[in-house]
Chemist: 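Before I ask anything, let me first share the structure, which is written out below as structure tokens.
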Number of protein chains: 2
Amino acid sequence: MTNRSVGIKDVAAAAGVSVTTVSHVLNDVAYARVGAGTRERVHEAAQRLGYGPNRLAQALRTQRSGMIGFISEEIATTPHAGRIILGAEETARARGYNIMIINSTSTSSQDSRESDVADLLDRQVDGILYATMYHRKLEVPKNLAALPAVLVDSEDISQTVSSVIPDELGGARSAVRTLIDAGHTRIGMLNNTDDVPATHSRLKAFKDTLADAGLPFHQELVQSEHSEVPGGYQAALRLLKPQSRPTAVFCYNDRMAMGAYRAAAELGLKIPEDVSFVGFDNQQLIAENLYPALTTVALPHYEMGAWATENLIDAIEGKADLQLFAAHPTVLPCPLVLRDSVAAPKHEDPSSRATRDSPTHANT
Amino acid sequence: MTNRSVGIKDVAAAAGVSVTTVSHVLNDVAYARVGAGTRERVHEAAQRLGYGPNRLAQALRTQRSGMIGFISEEIATTPHAGRIILGAEETARARGYNIMIINSTSTSSQDSRESDVADLLDRQVDGILYATMYHRKLEVPKNLAALPAVLVDSEDISQTVSSVIPDELGGARSAVRTLIDAGHTRIGMLNNTDDVPATHSRLKAFKDTLADAGLPFHQELVQSEHSEVPGGYQAALRLLKPQSRPTAVFCYNDRMAMGAYRAAAELGLKIPEDVSFVGFDNQQLIAENLYPALTTVALPHYEMGAWATENLIDAIEGKADLQLFAAHPTVLPCPLVLRDSVAAPKHEDPSSRATRDSPTHANT
DNA sequence: GGACGTGGGAGAGCAATGACCAACAGATCA
DNA sequence: TGATCTGTTGGTCATTGCTCTCCCACGTCC
């Protein structure tokens with residue numbers, strides 16, 4: 001493999017040609033006319049010496065570094081960031097690029113954000129990926145405009161930088177729909193209290209989907225709390241009071257669902273027999289491991305990372321114009337992940353609206 | 001901030017001096033004697049034009065890129081990797097370095113591992129960090145020897161590359177000790193079935209700690225299964241059978257503990273009143289959110305990333321010799337994280353050994 | 001014997017660094 | 001008092017590893 005200490009001129013000497021010829025042969029440049037025998041000798045010498053081009057020198061000369069800067073808020077706090085990075089890294093490498101990582105924090109000042117970008121600029125990255133830990137709108141560092149950039153899981157307030165986000169609405173709709181399809185007519189929601197896009201869009205999708213199915217919306221069936229496990233527990237305790245209990249619950253996220261599971265257990269409710277649940281986020285650790293396993297909506301983190309990188313590179317290579325995307329974020333689907341937390345409601349005529357048979361529970 | 005298009009010669013022109021002088025002033029070269037006035041003018045011009053040195057050109061000339069390669073297996077599958085990256089990134093940046101990430105997989109061939117390293121070599125990184133997703137021994141790519149390198153969370157079989165690993169033994173000992181200190185004398189263990197170092201060292205620590213406290217070891221109180229939630233559930237079901245039930249359980253990891261919680265619930269056992277649990281890994285999502293919250297042992301991922309980077313850079317800068325560390329991995333402590341899953345056993349004199357009150361459970 | 005085709009090399013960058021040199025002042029010296 | 005010395009200030013130029021635009025040498029053909 002690559003041997004750090006051998007340069008192009010060593011290969012040239014070994015093959016008995018000039019460095020120009022080595023460069024031409026190894027880069028397979030179209031206009032270069034080099035005889036087959038010479039080509040052969042060059043390749044053989046390069047191979048034998050373990051030559052690998054110095055990408056730094058290459059970059060300096062060609063004004064293209066083949067590096068992509070990746071700025072991420074709180075790389076560590078959420079497993080989601082890992083999937084974005086993975087998507088980005090894999091597609092970047094497939095196209096001959098490498099990723100340089102910079103960690104930022106959601107609380108850092110605008111100045112510090114700009115110096116993150118400046119760091120990357122000094123490194124001569126060809127483009128920048130800017131990822132946030134959850135979907136929101138933000139003010140991008142001014143100097144980000146200096147080169148191709150794509151926002152991942154967030155939107156630029158000024159709409160000058162293109163971005164890719166999850167289809168919150170679609171995901172939430174399919175979550176609610178799976179409940180309706182199972183035969184539920186009295187459905188509750190556990191919502192978040194933060195003022196982030198997801199809070200509003202998931203609620204909107206909830207209402208819309210009920211309306212589309214001709215189901216009434218009851219304000220008291222929406223309970224909001226902080227979107228963590230304790231919040232889910234508290235909200236569920238209120239929502240699952242005997243007098244007005246829904247037969248199914250759409251949770252803002254899997255963590256709230258986890259809290260709701262405990263509330264249900266304390267109230268003596270069996271899942272999914274007495275109450276069905278569907279979550280959001282598909283956090284493996286939770287969704288897969290709750291009992292029963294949680295049906296939920298997956299956020300396309302890997303896909304967003306991949307899409308962003310693919311399009312960033314297209315822009316870098318002049319194959320696409322990111323400006324065209326800037327006005328409207330690209331929206332990627334959030335697939336429903338079916339597990340075991342949804343069943344038909346207990347005491348209701350399943351034939352009334354069900355469009356498909358519930359997979360569980362033939363009849364009581 | 002940095003403006004991509006201005007080079008050192010633009011600054012030179014603006015300040016009315018040569019590029020050499022600009023370089024000398026900006027790099028604060030010791031031997032360079034430049035008048036105060038000139039210095040001032042150079043700084044002002046650089047500032048005004050938004051000059052930032054081209055790190056590529058700098059690297060080419062100085063033979064030092066200021067980049068560290070980070071190869072990680074399965075960046076995405078575990079939140080732990082994120083913490084290692086974070087530790088590495090933050091300390092690297094504090095010292096003027098940047099991190100270039102490469103994703104690998106634990107199943108990839110030796111050839112592909114070598115080409116991961118070759119990629120980094122071509123990029124002229126100054127050193128390499130090689131991280132695995134869990135603590136194990138591995139055969140490092142041959143070409144890794146070409147430059148300073150540190151293994152994170154794994155050991156080099158041939159003992160030529162230095163590494164940093166968690167103190168499994170110490171962590172496990174303090175986990176078991178916290179149970180003993182709470183007054184437990186009949187303690188069980190839920191172990192992993194994989195043949196990885198942690199399986200053996202955690203069991204060894206379990207036995208040793210019992211012995212140190214003069215407690216007998218009962219083989220039937222160790223139940224092993226696959227180290228995931230279902231495995232924990234199965235193993236716990238066997239372990240918590242009424243006839244031979246322990247009053248406390250040390251779990252191989254938090255996921256197994258999560259399964260054990262369910263088993264306990266099904267068996268009608270209250271935690272921690274009827275049975276205490278302590279886990280390992282401190283996976284936030286689980287340990288914090290189980291009910292009651294799980295007392296567990298934290299793996300020092302951030303610290304390992306930081307230590308590795310600090311020492312790697314010392315080696316790069318000639319301030320340390322990694323060879324000295326190569327023979328024995330550096331071991332970092334695994335602190336115990338106290339939460340609410342441990343209490344004194346029910347029918348036993350709590351004054352016997354308890355050193356502190358259980359913080360548990362004020363309200364019902 | 002000029003045009004053309006083929007095979008390959010020379011040399012100028014790319015943006016910085018750093019060893020060494022130059023110019024100029026005032027000081028020193030014979 | 002002119003020549004040399006010396007300290008200060010700053011510039012010259014080669015160099016890093018590679019790419020790429022010419023350009024040259026040599027045949028061949030008509």
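Naming: A, B, ... by sequence-line order, numbering from 1 per chain.
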Chemist: Less than 4.0 angstrom from a charged side-chain N to a carboxylate O is my criterion; do B/Arg93 and A/Asp119 meet it?
Modeler: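 Judged by the 4.0 Å cut-off on N to carboxylate O distance, B/Arg93 and A/Asp119 do form a salt bridge.
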
Chemist: To the side chain of A/Val17, which of D/dC18, C/dG9, C/dA16 is closest?
Modeler: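 Comparing D/dC18, C/dG9, C/dA16 against the side chain of A/Val17, the answer is C/dG9.
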
Chemist: I'd like to check the side-chain hydrogen bond (donor to acceptor under 3.5 Å, both in side chains) partners of B/Ser163; sequence neighbours left out, ordered by chain and number.
Modeler: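 None.
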
Chemist: With a cut-off of less than 4.0 Å, is there a side-chain N or O of A/Gln124 near OP1 or OP2 of C/dA15?
Modeler: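 Negative; the distance criterion is not met.
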
Chemist: Going by salt bridge (Lys or Arg N to Asp or Glu O under 4.0 Å), name the pairs with one or both residues in residues 63-72 of chain A, residues two or more places apart or in two chains.
Modeler: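 Counting only pairs at least two positions apart or across chains, no salt bridge (Lys or Arg N to Asp or Glu O under 4.0 Å) contact touches residues 63-72 of chain A.
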
Chemist: OP1 or OP2 of D/dG17 less than 4.0 angstrom from a side-chain nitrogen or oxygen of B/Gln63, does that happen here?
Modeler: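 Looking at the OP1 and OP2 atoms of D/dG17, one of them is under 4.0 Å from a side-chain N or O of B/Gln63.
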
Chemist: Encode nucleotides 19-27 of chain C as B, S and - characters from 5' to 3', where the letter depends on protein heavy atoms closer than 4.0 Å: B to the base, S only to sugar-phosphate, - to neither.
Modeler: B--------

Chemist: When you get a sec, tell me which of C/dA16, D/dC18, D/dT12 is the closest nucleotide to the side chain of B/Pro53?
Modeler: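 The nucleotide sitting nearest to the side chain is C/dA16.
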
Chemist: Do A/Tyr31 and A/His24 have ring centroids that are under 6.0 Å from one another?
Modeler: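 Ring centroids of A/His24 and A/Tyr31 are less than 6.0 Å from each other.
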
Chemist: On the nucleotide C/dG7, are OP1 or OP2 found under 4.0 Å from the side-chain N or O atoms that A/Thr38 carries?
Modeler: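 No.
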
Chemist: OP1, OP2 of D/dG11 versus side-chain N and O of B/Thr21: anything below 4.0 Å?
Modeler: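 Checking D/dG11 against B/Thr21, a side-chain N or O does come within under 4.0 Å of OP1 or OP2.
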
Chemist: Show the atom names and distances, to 0.1 Å, of all donor-acceptor pairs under 3.5 Å that link a side chain in residues 315-327 of chain A to residues at least two apart or in another chain.
Modeler:
unit_1   : atom_1 : unit_2   : atom_2 : d
A/Glu317 : OE1    : A/Arg95  : NH2    : 3.1
A/Glu317 : OE1    : A/Lys319 : NZ     : 2.9
A/Glu317 : OE2    : A/Tyr97  : OH     : 3.0
A/Asp321 : OD1    : A/Gln323 : N      : 3.0

Chemist: Any salt bridge (Lys or Arg N to Asp or Glu O under 4.0 Å) involving residues 5-29 of chain B? Give me the pairs, sequence neighbours left out, ordered by first then second residue.
Modeler: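 Output for this query lists B/Asp28-B/Arg39.
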
Chemist: Rounded to whole Å, please give me the gap between CG in B/Leu56 and P in C/dA15.
Modeler: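 In whole Å, C/dA15 P lies 11 Å from B/Leu56 CG.
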
Chemist: Among residues 5-12 of chain A, which residues get a heavy atom nearer than 4.0 Å to DNA chain C?
Modeler: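 Correct list: empty, so none.
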
